[in-house]
Amino acid sequence: MKLEGKVAVITGAAGGIGRGIAEMFAREGACVAIADRDAEKARETEAHIRSAGGEAAAFGVDVASGASVSRMVADVVSRFGRLDILVNNAGIRFVKPFLEYSEDEWRKTLDVNLTGLFLCCRAAVPQMLKNGKGKIVNVASVAGEFGRPHRIAYCASKGGAIAFTKALAVDLSGKNICVNALAPALIDTPLNAAYATDDTLATVWGKELLVRRWGRTEDVAAGALYLASDDSDFVTGAVLTIDGGWTAGLVRANELD
Ligand SMILES: NC(=O)c1ccc[n+]([C@@H]2O[C@H](COP(=O)([O-])OP(=O)(O)OC[C@H]3O[C@@H](n4cnc5c(N)ncnc54)[C@H](O)[C@@H]3O)[C@@H](O)[C@H]2O)c1
């Protein structure tokens with residue numbers, strides 16, 4: 001039990017990677033707050049975790065709204081009494097060529113994927129300071145480190161998330177609050193449903209993935225668990241890549257073709 005007695009807020013935890021993180025954290029003894037804009041699905045996840053013997057509660061939130069985030073954090077603290085861990089996982093993505101992106105799509109992406117981090121950290125950090133310890137895990141993406149086609153706002157937001165992670169780690173130095181990022185890729189979730197069933201992409205990416213399979217939500221959850229637990233107390237401002245070797249092997253895979 002690596003998270004016994006800890007309270008963890010996980011945004012975007014109604015489904016996909018966030019749900020995988022919530023389930024693993026609950027198995028490790030944490031009380032998990034499933035914070036998602038999809039309140040109904042969040043309640044389903046809560047019920048699933050509780051039926052497996054875990055402690056969980058669903059909270060409706062829009063991470064792009066400061067008022068909504070403040071309310072959610074206050075509700076979590078009144079329900080569980082404290083807040084030790086924040087996983088900023090909620091994210092959205094529009095896939096289309098640069099010139100077809102609307103201003104609204106650009107702003108929405110930045111609002112959720114980047115401003116959401118600022119708002120959630122701003123609300124959660126005072127609780128961590130009260131405890132004398134805290135862990136923040138920002139779910140970025142390899143798209144924050146590499147140019148990916150037709151994802152201009154997504155790449156910019158995830159690059160921003162990585163810079164935000166390092167800057168906040170510096171701002172919170174000496175406060176016993178670790179701030180780190182995960183950079184996953186090719187995880188089988190609803191966000192990637194269209195690609196997981198595309199034969200051409202499945203073949204190309206199947207070759208490029210050094211471990212020869214798509215990632216599972218548990219693969220990312222294991223990284224989040226490390227960064228949320230005492231095991232990573234000497235790790236801050238870091239980016240942990242969880243991509244099946246995809247980015248390390250891109251050149252090699254292309255050369256083999
Ligand atoms: N799936 C991948 O391969 C992959 C790769 C790299 C990074 N990521 C990142 O991992 C995170 C989770 O991705 P996923 O694949 O599980 O996606 P997903 O679409 O399955 O889940 C995202 C969740 O975030 C919630 N959400 C969206 N906007 C929100 C908002 N404004 N407020 C609160 N909740 C909101 C959704 O309701 C949903 O439950 C995202 O940040 C994504 O960018 C995913």
Side-chain angles (χ1 to χ4, degrees), residues 9-24 33-46 48 58-73 76 86-95 105 107-120 123 137-146 148 151 153-162 164-165 181-196 198 201-202 205 208-209 211 213-221 223-224 239-244 246-247:
V9 168
I10 301 150
T11 69
I17 290 171
R19 178 174 169 152
I21 294 172
E23 288 174 358
M24 190 174 283
I34 298 144
D36 203 291
R37 70 176 171 190
D38 188 336
E40 199 183 320
K41 254 180 88 191
R43 279 193 295 274
E44 280 170 32
T45 302
E46 172 192 330
H48 180 79
F59 298 85
V61 70
D62 176 2
V63 298
S65 154
S68 175
V69 166
S70 299
R71 214 169 26 246
M72 178 273 288
V73 167
V76 169
L86 169 66
V87 181
N88 283 309
N89 163 80
I92 58 169
R93 187 182 66 196
F94 297 95
V95 180
E105 288 162 342
R107 288 191 189 281
K108 271 198 180 122
T109 308
L110 272 287
D111 278 355
V112 175
N113 296 6
L114 186 54
T115 306
L117 270 57
F118 167 72
L119 296 173
C120 290
V137 182
N138 296 320
V139 182
S141 168
V142 298
E145 300 173 300
F146 296 87
R148 301 277 303 120
R151 289 159 169 78
Y154 187 72
C155 288
S157 70
K158 294 299 186 178
I162 290 171
F164 175 90
T165 298
L182 293 173
L186 299 177
I187 311 300
D188 188 3
T189 69
L191 190 74
N192 283 328
Y195 306 123
D198 180 314
L201 278 180
W205 285 343
E208 291 176 350
L209 277 162
V211 301
R213 67 163 173 84
W214 274 66
R216 305 180 185 114
T217 59
E218 301 91 302
D219 295 315
V220 185
V239 183
L240 175 58
T241 300
I242 301 184
D243 70 347
W246 187 47
T247 50

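In listed order, ligands and their atoms are each counted from 1.
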Worksheet item: Only one of Asn138, Val73, Val69 clears side chain to side chain contact (heavy atoms under 4.5 Å, CB included) with Cys120; which?
Response: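 Testing Cys120 for a side chain to side chain contact (heavy atoms under 4.5 Å, CB included) against Asn138, Val73, Val69 leaves exactly one candidate, Val69.
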On a heavy-atom basis, I'd like to know which of [options] is closest to [atom].
| atom | options | result |
| --- | --- | --- |
| atom 9 (C) of ligand 1 | Val112, Val139, Val61 | Val139 |
| atom 42 (C) of ligand 1 | Trp214, Tyr154, Tyr195 | Tyr154 |
| atom 26 (N) of ligand 1 | Arg148, Arg151, Arg37 | Arg37 |

Discussion item. Can you tell me how far apart CG (Asn113) and NZ (Lys108) are? Round to the nearest 0.5 Å.
Written reply: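 It comes to 13.0 Å.
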Discussion item. How long is the straight-line distance from CD1 of Ile162 back to NZ of Lys158, given to the nearest 0.5 Å?
Written reply: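 With rounding to 0.5 Å, NZ (Lys158) is 9.0 Å from CD1 (Ile162).
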Distance to 0.1 Å, residue and atom name: give those for the protein heavy atom nearest to [atom].
| atom | answer |
| --- | --- |
| atom 7 (C) of ligand 1 | Ala140 O, 3.2 Å |
| atom 11 (C) of ligand 1 | Asn89 O, 3.1 Å |
| atom 18 (P) of ligand 1 | Leu191 CB, 4.1 Å |
| atom 38 (C) of ligand 1 | Asp36 OD2, 3.6 Å |
| atom 24 (O) of ligand 1 | Gly12 CA, 3.4 Å |

Worksheet item: Quick one: does Asp243's side chain have a donor or acceptor within less than 3.5 Å of a partner on Pro184's backbone?
Response: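 Not confirmed, Asp243 side chain does not pair with Pro184 backbone.
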Worksheet item: Between the main-chain N or O of Arg216 and the side-chain N or O of Asp219, is there a donor-acceptor pair closer than 3.5 Å?
Response: yes
Short list, please: which atoms of ligand 1 are under 4.0 Å from a heavy atom of [X]?
| X | value |
| --- | --- |
| Ile92 | 27 (C), 28 (N) |
| Gly15 | 39 (O) |
| Pro184 | 5 (C), 6 (C), 7 (C) |
| Gly16 | 16 (O), 20 (O) |

Practice prompt. Give a yes or no on whether Arg107 atom CZ has more than 12 heavy-atom contacts from other residues, nucleotides or ligands under 6.0 Å away.
Written response: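 Not more than 12 within 6.0 Å, no.
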Worksheet item: Would a 4.5 Å heavy-atom cut-off, applied to side chains only, mark Thr109 and Arg151 as touching?
Response: no
Discussion item. Side chains of Arg37 and Val112, heavy atoms from C-beta outward: is any pair under 4.5 Å?
Written reply: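 Sidechains of Val112 and Arg37: no contact.
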Worksheet entry | Evaluation steps, side-chain contact (heavy atoms from CB on, under 4.5 Å), between Leu186 and Glu208 | CA-CA 11 Å; Leu186 299 177; Glu208 291 176 350; over 6 Å; no
Answer yes or no: does an N/O atom from [X] fall short of 3.5 Å to an N/O atom of ligand 1?
| X | value |
| --- | --- |
| Gly18 | no |
| Ile187 | yes |
| Ser141 | no |
| Ala35 | no |

Practice prompt. Work out which heavy atom in Val9 is nearest to a heavy atom in Ala35; give both atom names and the distance.
Written response: CG1-CB, 4.2 Å
Worksheet item: What closest approach, in Å, do Tyr154 and Ile92 show between heavy atoms, and which atom pair accounts for it?
Response: CD1-O, 3.4 Å
Please work out whether any backbone atom (N, CA, C, O) or any side-chain heavy atom from C-beta onward of [X] is under 4.0 Å from ligand 1, and answer side chain, backbone, both or neither.
| X | value |
| --- | --- |
| Val63 | both |
| Leu186 | backbone |
| Lys158 | side chain |

Response to the item:
Contacts satisfying salt bridge (charged side-chain N to carboxylate O under 4.0 Å, His left out) that involve residues 14-24 (not counting sequence neighbours) are Arg19-Glu23
